[in-house]
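Just so we're on the same page: letters track the sequence lines, and every chain starts at 1.
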2 protein chains.
Amino acid sequence: MKISELSRRSGVSIPTIKYYLRDGLLPQGQLTTAANQADYGEEHLRRLRLIRTLVGVRRLSVSAVREILGAITEEGDLHQIFGIVIDARPATKLRKQDREETAGGDTEGVADARRLITEMGWEVSPGTAAIQTLGEVLDALSDVDAGIGWQSLLPYARLTDRISELDVKQMNGASDLLELAERAVLVSVLLEPALLALRRLAQEDKSARLFSGSPGGGETA
Amino acid sequence: MKISELSRRSGVSIPTIKYYLRDGLLPQGQLTTAANQADYGEEHLRRLRLIRTLVGVRRLSVSAVREILGAITEEGDLHQIFGIVIDARPATKLRKQDREETAGGDTEGVADARRLITEMGWEVSPGTAAIQTLGEVLDALSDVDAGIGWQSLLPYARLTDRISELDVKQMNGASDLLELAERAVLVSVLLEPALLALRRLAQEDKSARLFSGSPGGGETA
DNA sequence: GGATAACGGATCGCGCTACTATCCATTATG
DNA sequence: CATAATGGATAGTAGCGCGATCCGTTATCC
């Protein structure tokens, strides 16, 4: 398959494909006889769709995607792949707010996050970015004095625990390991916006039943 | 309070505060005697923290934040505020992939999303962005042939329904309506990354129990 | 009351990211 | 053999979230 066909079948423009090739997101095609003709396979097409999903649906930066893809192809251990995928955070460069840290180098929120993890009995690697994220949220909640501490999140944690059980159920039926890895990435990553969307829909439903004074109110650009 | 104090107490730089003032995120301070001295109150501080949360923790664009803040201050109906907050989507300018639409102007995924909503008995406004988001995810899932359709999301939907019940429980104890609105925004918005983080932690836990070949594997830069 | 520093207001510019456009020599294609 | 596509490289673009600087005015401190 030539690059033009790859572009047509994937819906990604040729310059963008070239960009991904340059940046190492997409492996080089097999160079044929001459230096200006390369051959791309179905694997490239799958990979390209995966990239577009990670960048487009979730908001991963190109560099984060590169890490994930590297993990998929190089590491054999699915748990490690998971770790990298889970660790990836959306692209941003916001300097973090000044915040005093406790002795261990953690903010108070991070410490609370660890308490929550202990309480749930979860076994996670202590450096996971998710802990930092959770800690940031707890810090922010404490800042705004919302009266929501880590204990308030325990019911949430129990529900997310059940969600993760659903997640691993979705990961059956893959033939080879590479496919399984890709599938794991998709389930973990692609369902994130779906979960948020579902929560918002459920919130809107609950909110309509509770707060709505004017029952119409359904036009948003 | 002068702008320097506002900057110190909020941790936001003066140029950034000025930028927010210019862009209408932050109401102007009360101009005092002269034209070069304005007075900011606690309300500005609270507002500033809210902005930083929306921009920093969730990834809302400045314009999206402006809409939300406008809704908070102008609309009285909490459900409408919720609608706007829920409708807000992270900043991006990715052109959407070419995708054939069915007759109604929806993609197949959006149609499936509506089926799911009907099945759940949720009452939501038909134009909510969350439906589009859900539809995109379903489209993407169908693209990669993951074998995950809208029926597979029903268990997730039931769990998110319970999550949203928790959400509304968190929204008690606010005195005035403005505070209630801000609180609602915070609960809805700030708990999003928390939920994702919790899911990732739970996934890592489940993944470790299922897939891990090498039990160490806990170092991530 | 005079120097100094901070203020509000405005304009310009920067750094980053994810691309897009253009050019080139080479080579498949009709 | 002419045309168009290809791989490869280099530059340019757009938008966003600020930061830097300048300006004239005014509080502040001695």
Whole angstroms only, please: what is the CD1-P distance between A:Ile17 and C:dA21?
14 Å
Which nucleotide in the set C:dA18, D:dG24, D:dT6 lies at the smallest distance from any side-chain heavy atom of B:Asn36?
D:dG24
Respond yes when some side-chain nitrogen or oxygen of A:Arg66 is under 4.0 Å from OP1 or OP2 of C:dA18, and no when none is.
no
Looking at B:Glu42 and B:Arg47, is there a salt bridge between them, counting it only when a charged N and a carboxylate O are closer than 4.0 Å?
no
Closest listed nucleotide, where the reference is the side chain of A:Val62 and the choices are D:dG17, D:dT6, C:dA18:
C:dA18
Tell me whether A:Arg199 is salt-bridged to A:Glu204, with the criterion being a basic N under 4.0 Å from an acidic carboxylate O.
no
What's the CG-P distance between B:Leu26 and C:dG9, to the nearest Å?
12 Å
Find the distance between OH (B:Tyr20) and CG (B:Leu26) and round it off to the nearest 0.5 Å.
9.5 Å
When we call it a touch if two heavy atoms are under 4.0 Å apart, what does A:Glu5 touch: a base, just sugar-phosphate, or nothing?
nothing
Rounded to whole Å, how long is the line connecting atom CG of A:Asp23 with atom P of C:dC19?
10 Å
Nearest-angstrom distance from the residue atom CG of B:Leu25 to P of D:dC16
13 Å
Please work out if A:Lys18 contacts a base, only the sugar-phosphate, or nothing of the nucleic acid, heavy-atom cut-off 4.0 Å.
base
Checking D:dG19, C:dA18, D:dG17 against the side chain of B:Thr16 (C-beta onward), the nearest is D:dG19
A:Arg22 CZ to D:dT10 P, straight-line distance once rounded to whole Å:
10 Å
Kindly say if A:Tyr20 contacts the phosphate of C:dC19, meaning a side-chain N or O under 4.0 Å from OP1 or OP2.
yes
Among the nucleotides D:dC18, C:dA18, D:dG17, which one has an atom lying closest to any side-chain atom of A:Tyr19?
C:dA18
How far apart are the closest heavy atoms of A:Ala111 and A:Asp106, and which atoms are they?
N-CB, 4.4 Å
To the nearest Å, give me how far apart CG (B:Leu21) and C1' (C:dG8) are.
9 Å
Just compare D:dG17, D:dG7, D:dT28 and give me whichever is closest to any side-chain atom of A:Leu31.
D:dG7
Taking OP1 and OP2 of D:dG7, is either one under 4.0 Å from a side-chain nitrogen or oxygen of A:Gln28?
no
Which of these nucleotides, C:dA6, C:dA18, D:dG17, is closest to any side-chain atom of B:Ser4?
C:dA6
Taking CD1 from A:Ile14 and P from C:dC23, how many angstroms apart are they, rounded to a whole number?
17 Å
Atom pair distance, as rounded to whole Å: NZ in A:Lys2 and C1' in C:dT27
11 Å
Is any NZ, NE, NH1 or NH2 atom of the basic residue among B:Glu108 and B:Arg114 found under 4.0 Å from an Asp or Glu carboxylate oxygen of the other?
no
